[in-house]
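Structure, as structure tokens:
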Amino acid sequence: MLEALFVALAVFVCVGGAELAGFTMLNRPIVIGPLVGLLLGDLHTGVIVGAALEAVFMGVVNIGGAAAAEPGIATAVGTAFAIMLGKGTEVALTLALPIGILGLQIKTVLYIFLVGMFARHFDQLAAEGKQKQIVILHYGLWAVNWLLYSMVAFLGILFGSDAVSALLDAIPAVVMNGLSICGGLLPAVGMAMLMKMLWEKKICMYYFLGFVLAAYLNLPLIALAVIGTILAVGIGMNDYRFNQMQSMRVLASGQTVTGADSYDFDEEEEAFFHE
């Protein structure tokens, strides 16, 4: 029962906290996995499972009505089962997607039938200028909503560990091997979804550079991250100096740079480098 309580606590704090505080990334697998591992006494497995599921859900972003899965509860329950059953990442990867889809449906139902019922009441309180009551109702609904959502993870761990263990033992080895292989392919799908959103012809050369460094020089991820940071800072500083030179030339000539003499420097980049 204590393990189920810890998993529910992780879901409440991370998933509910992310919804309350904004885009804090608390509900990402890379955060929830290690937290569940720490609470259950196996931080190593928690980090490994969290990193593996982060690669799976990295390209999954639920925006508006376009929703795929809820990675928070999937990671919490998957990590807990991986630790409690001693089956490793194979169990977490196998259970993550169905749990994530189920969690998303439950989350939507709670939004509609619990939070949605008070929408008119919020409007009424706002029209009457009752700010204190709005704040109390807001935080009260948040607490009740995510407490009920966390109970799903609590009950799943409390009553489901024995059933899941028996189910896994009954699955033939050849099927488990197939599921493990499919689970190993899921991170590639997550990376492909992320690349589809971030792909840009101007910077694709750096992707291939990283691939060569990792594939042929066997550099670890930390080394690749450091190299990427150095390149990014170097390119940013070079662009900033070039922009400064263009500005000085314009001031010296007393002319406005237009047409072919202008430097294509986005407003966002200019604001970034001037901060």
Side-chain angles (χ1 to χ4, degrees), residues 1-21 24-58 60 69-104 106-107 142-143 145-171 173 176-177 179-184 186-187 190 220-222 225:
M1 182 175 181
L2 187 60
E3 291 85 355
L5 183 62
F6 283 151
V7 174
L9 178 63
V11 173
F12 182 83
V13 172
C14 293
V15 183
E19 294 286 340
L20 180 66
T24 58
M25 297 299 169
L26 283 174
N27 59 337
R28 300 305 303 176
I30 198 65
V31 176
I32 298 181
L35 177 60
V36 172
L38 180 64
L39 293 175
L40 297 185
D42 192 350
L43 179 60
H44 181 263
T45 301
V47 171
I48 293 176
V49 173
L53 292 179
E54 181 65 39
V56 173
F57 290 104
M58 188 180 296
V60 176
E70 206 290 292
I73 194 170
T75 303
V77 176
T79 304
F81 279 137
I83 294 174
M84 296 168 62
L85 302 178
K87 302 292 186 178
T89 57
E90 291 81 5
V91 170
L93 290 172
T94 302
L95 299 177
L97 286 180
I99 294 175
I101 295 173
L102 176 62
L104 178 65
I106 296 174
K107 181 179 177 180
W142 171 83
N145 180 77
W146 294 108
L147 181 62
L148 293 175
Y149 188 73
S150 302
M151 288 299 297
V152 177
F154 176 81
L155 296 175
I157 297 299
L158 183 63
F159 298 108
S161 60
D162 293 337
V164 171
S165 179
L167 176 63
L168 292 175
D169 291 338
I171 296 176
M176 283 302 298
N177 291 335
L179 292 175
S180 299
I181 295 174
C182 292
L186 289 177
L221 292 178
I222 295 178

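Only this structure's heavy atoms are used, side chains among them; waters, hydrogens and symmetry mates stay out.
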_Suppose we screen for ring-ring contact (aromatic ring centres under 6.0 Å, His included). Which residues come up paired with Phe12, at least two apart in sequence or across chains?_
Trp142
*Please examine the side chains of Asn27 and Val31, heavy atoms only from C-beta on, and report whether any two atoms are closer than 4.5 Å.*
no
About how many Å separate [atom2] of [Y] and [atom1] of [X], when rounded to the nearest 0.5 Å?
X      : Y     : atom1 : atom2 : value
Phe154 : Glu3  : CZ    : CD    : 10.5 Å
Asp42  : Ile83 : CG    : CD1   : 4.5 Å
Ile48  : Leu43 : CD1   : CG    : 10.0 Å

*side chain to side chain contact (heavy atoms under 4.5 Å, CB included) between Leu5 and Leu9: does it pass, once the steps are laid out?*
CA-CA 6 Å; Leu5 183 62; Leu9 178 63; 5.7 Å; no
Of all heavy-atom pairs between [X] and [Y], which one has the smallest distance, and what is that distance?
X     : Y     : result
Ile30 : Glu54 : N-OE1, 3.2 Å
Leu39 : Ala10 : CD1-CB, 4.4 Å
Ile32 : Cys14 : CG1-CB, 3.6 Å
Ala74 : Leu53 : O-CD1, 4.4 Å
Pro29 : Pro34 : O-CD, 3.8 Å
Ala76 : Val11 : CB-CG2, 3.5 Å

*With side chain to side chain contact (heavy atoms under 4.5 Å, CB included) as the test, would you mind laying out the steps for Ile73 and Val152 before giving the verdict?*
CA-CA 9 Å; Ile73 194 170; Val152 177; 4.1 Å; yes
*Just do the side chain to side chain contact (heavy atoms under 4.5 Å, CB included) check on Phe6 and Leu40 with the steps written out, would you?*
CA-CA 7 Å; Phe6 283 151; Leu40 297 185; 4.2 Å; yes
